[in-house]
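Take a look at the structure below.
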Amino acid sequence: MSTEGVKLSGASRAGATVNGSTLWRHPDRKSRGPKVQHVHFFMYRNLSGKRTEKLSCYLNQSLCMHLKCSPMMSDSSIHSLHKNFASPIKKKEVSKMWNVINNFLVAVDDFVWGVPLMVLILSGGLLLTVRLGILQIRKLPLALKWMVKNEDDGHGEISSFSALCTALSATIGTGNIVGVATAVCAGGPGALFWMIVAAFFGMATKYSEGLLAVKYRVVAPDGHSLGGPFYYIEQGMGKKWTWLAKMFAFFGMCVGLFGIGTFSQVNGISSAVHNFFDPTDAHTVKLFPFLGEYSWAVVIASLILAFCVAAVLIGGVKRIASVSQIIVPFMAVIYIIFVLILVICNISAVPAAFKTIVVAAFTPKAVTGGVVGSMLVAMQKGVARGIFSNEAGLGSAPIAAAAAKTKEPVRQGLVSMTGTFIDTIIICTLTGLSIVLTGAWQVEGLEGVAVTTYAFQTGLPFPAKFCSFILMLCLVFFAFTTILGWDYYSERCLEYLTGGNMKAVKVFRWIYIFAVFIGPYMTVSAVWTIADIFNGLMALPNMIALFALNGIVVAETKDFFKRHKNGEIQ
């Protein structure tokens with residue numbers, strides 16, 4: 001940060017210019033005014049590529065009183081000077097207030113996403129795993145088979161595969177690339193082990209969510225299906241629990257509009273494009289006086305993104321599903337191929353990497369040299385990232401599952417279960433393995449996407465620029481599909497809250513598109529923290545329902561596989 005200072009005093013200097021106004025000392029006055037404090041000019045650049053200027057002026061009020069006596073100063077000049085010099089004090093007070101608010105929100109966020117919530121979600125997954133007889137292992141081959149095989153006489157709007165891709169579009173996002181790197185750097189390689197453990201239990205949770213979503217879904221007057229936690233709470237637990245269902249729907253709508261669906265993903269896209277095409281801000285433009293200057297790469301990316309999102313969302317769930325079932329498999333396969341190439345090129349180091357991951361999961365100090373203090377830290381970072389990534393227990397994926405063309409809730413539950421397997425156990429594991437293999441997590445000064453970028457550039461046998469481009473491409477498309485998926489989730493939540501008012505849903509859709517457009521310019525951390533809090537609060541109503549309805553999940557599962565064994569279901 002560069003700082004310049006201009007020191008004014010009542011000495012015999014002819015004058016000095018401050019903020020465009022010249023302050024002259026009257027040559028005939030024998031008395032000297034009070035000493036004036038420094039006037040500092042600050043120029044700084046923030047993380048979004050935006051350049052801003054700020055004038056920080058500290059002026060003793062007695063200066064204004066002194067100048068008021070001067071015949072050379074008009075009242076308007078004195079008023080302007082007082083305003084310019086007093087405003088930083090007000091800004092300082094406002095900044096202090098926002099710091100208090102931010103600190104409070106961060107404390108709430110840490111509490112919501114603390115150990116109790118993770119224990120709740122993990123214990124729910126453990127209970128369902130035991131009661132279902134480790135179904136996620138026994139029935140995984142059948143689930144993978146049905147993932148791409150649609151039912152001929154199923155009821156719903158979209159195929160089971162399209163429903164899965166819609167759910168995956170929301171879960172496979174920047175967290176698979178950036179989030180894993182953050183978890184491994186903060187919790188050590190052992191965080192990856194706990195991430196996989198969380199995903200294993202999460203598969204049973206996701207299976208139960210998908211099953212209940214189809215079992216308790218309803219069909220709207222226009223023929224489209226509507227389901228999710230709000231309906232299996234209301235219809236499965238009883239009308240007296242409607243307040244809990246509405247609580248979930250409210251939290252889900254807020255998360256989609258203010259956080260996961262818009263600002264965080266759009267910022268991820270604009271940052272990736274900005275860092276690749278114009279990292280030094282060589283080409284900038286000033287959009288509005290209050291926004292300052294932004295890189296042309298950010299502006300163009302936001303315009304293209306808003307247009308593409310609008311073109312898809314206007315078509316509703318069928319167009320979202322159509323786009324998702326093309327982009328999601330395509331980008332997931334490309335990403336997996338490149339990471340597998342990285343692993344193959346470093347195959348000799350793979351056994352040692354796996355050993356490091358397992359050892360660090362239980363004794364982090366043995367691997368990190370004390371950087372990560374305890375097993376609890378590694379566990380917390382890994383479990384939290386696993387839940388963030390696959391969203392098992394949050395209740396978002398069953399909203400998409402409810403639209404699937406199927407008449408068997410268990411079948412759709414199995415297909416939903418594969419989402420967690422693909423998202424975390426395959427993609428997140430490969431990302432974490434590449435980071436451990438290349439030692440990217442140990443490089444000082446790197447964080448977030450820079451860690452994964454370093455791993456790609458170091459481990460792949462391709463030019464560094466090409467590796468950065470591939471990673472940027474994956475980030476952009478993963479984040480783009482997440483925007484689409486969360487629009488569908490939040491629209492269904494709003495539809496439930498308004499009792500099926502589709503006019504309100506259409507208005508919300510345009511607000512969502514507008515939020516995508518302004519996303520790159522939203523740098524208020526409080527907005528992101530609030531969205532994070534809402535995201536965690538979604539899990540509470542959903543997990544209460546899963547605990548309450550786990551008996552129905554078990555009964556439905558036993559009945560289905562009994563009929564499947566007797567040949568009634570193919």
Side-chain angles (χ1 to χ4, degrees), residues 47 168 171-189 191-192 195-196 264-265 267-280 297 301 327-354 356-357 360 381-382 385 388-389 422-482:
L47 296 178
L168 281 175
T171 54
I172 298 179
T174 54
N176 296 78
I177 297 174
V178 181
V180 175
T182 302
V184 173
C185 289
L192 185 60
M195 190 185 303
I196 296 170
S264 60
Q265 303 300 325
N267 268 269
I269 292 175
S270 61
S271 295
V273 172
H274 173 251
N275 292 335
F276 183 81
F277 289 104
D278 190 21
T280 60
I327 294 180
V328 170
F330 177 70
M331 292 311 303
V333 168
I334 286 182
Y335 184 74
I336 290 170
I337 287 174
F338 275 93
V339 178
L340 284 176
I341 292 173
L342 187 153
V343 172
I344 293 170
C345 290
N346 298 272
I347 194 69
S348 60
V350 169
F354 275 116
T356 298
I357 291 168
K381 299 297 181 183
R385 181 47 50 194
F388 264 120
S389 176
I422 294 169
D423 175 89
T424 306
I425 295 183
I426 293 180
I427 296 179
C428 287
T429 299
L430 286 173
T431 301
L433 184 61
S434 68
I435 291 170
V436 176
L437 276 173
T438 57
W441 66 281
Q442 294 174 303
V443 179
E444 292 184 8
L446 296 183
E447 60 181 24
V449 69
V451 178
T452 314
T453 302
Y454 177 88
F456 268 51
Q457 292 177 343
T458 305
L460 286 170
F462 305 115
K465 195 72 173 177
F466 177 75
C467 295
S468 298
F469 176 76
I470 291 296
L471 196 60
M472 180 208 70
L473 205 62
C474 291
L475 267 172
V476 167
F477 278 101
F478 284 171
F480 174 69
T481 54
T482 299

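As the structure is a computational prediction, the values presented were derived from the model and not from experiment.
- Partners of T429 according to the side chain to side chain donor-acceptor pair (under 3.5 Å) rule, which considers only residues two or more places apart in sequence or in another chain, do not exist here.
- Checking each of L192, I422, V180 against C428 for a side chain to side chain contact (heavy atoms under 4.5 Å, CB included) leaves exactly one that passes, namely V180.
- Among residues two or more places apart in sequence or in another chain, the ring pair (Phe, Tyr, Trp, His ring centres under 6.0 Å) test is passed with F276 by F469.
- In this structure, CZ in F478 is found 9.5 Å from CG in L473, a value given to the nearest 0.5 Å.
- Among residues two or more places apart in sequence or in another chain, the ring pair (Phe, Tyr, Trp, His ring centres under 6.0 Å) test is passed with F330 by none.
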Pair up each side-chain donor or acceptor in residues 334-348 with any protein partner under 3.5 Å, not counting sequence neighbours, and list the distances.
| unit_1 | atom_1 | unit_2 | atom_2 | d |
| --- | --- | --- | --- | --- |
| Y335 | OH | T431 | OG1 | 2.5 |
| N346 | ND2 | L342 | O | 2.7 |
| N346 | ND2 | G459 | O | 3.4 |

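- In this structure, CD1 in I435 is found 11.0 Å from CH2 in W441, a value given to the nearest 0.5 Å.
- Closest heavy-atom contact between A183 and M195: CB-CE, 4.1 Å.
- Applying the side chain to side chain donor-acceptor pair (under 3.5 Å) test to pairs two or more places apart or on separate chains, those with a residue in residues 451-465 are Q457-S468.
- Across all their heavy atoms, I427 and A332 have their closest contact at CD1-CB, 4.2 Å.
- Every side chain to side chain donor-acceptor pair (under 3.5 Å) that D423 has, sequence neighbours left out, goes to N176, S389.
- Atom CG of L475 sits about 15.0 Å away from atom CZ of F480, to the nearest 0.5 Å.
- Contact of the V436 side chain with the F354 side chain is not registered, since no non-hydrogen atoms from C-beta on lie closer than 4.5 Å.
- The two atoms that bring I357 and P189 nearest to each other are CG2-O, 3.7 Å, heavy atoms only.
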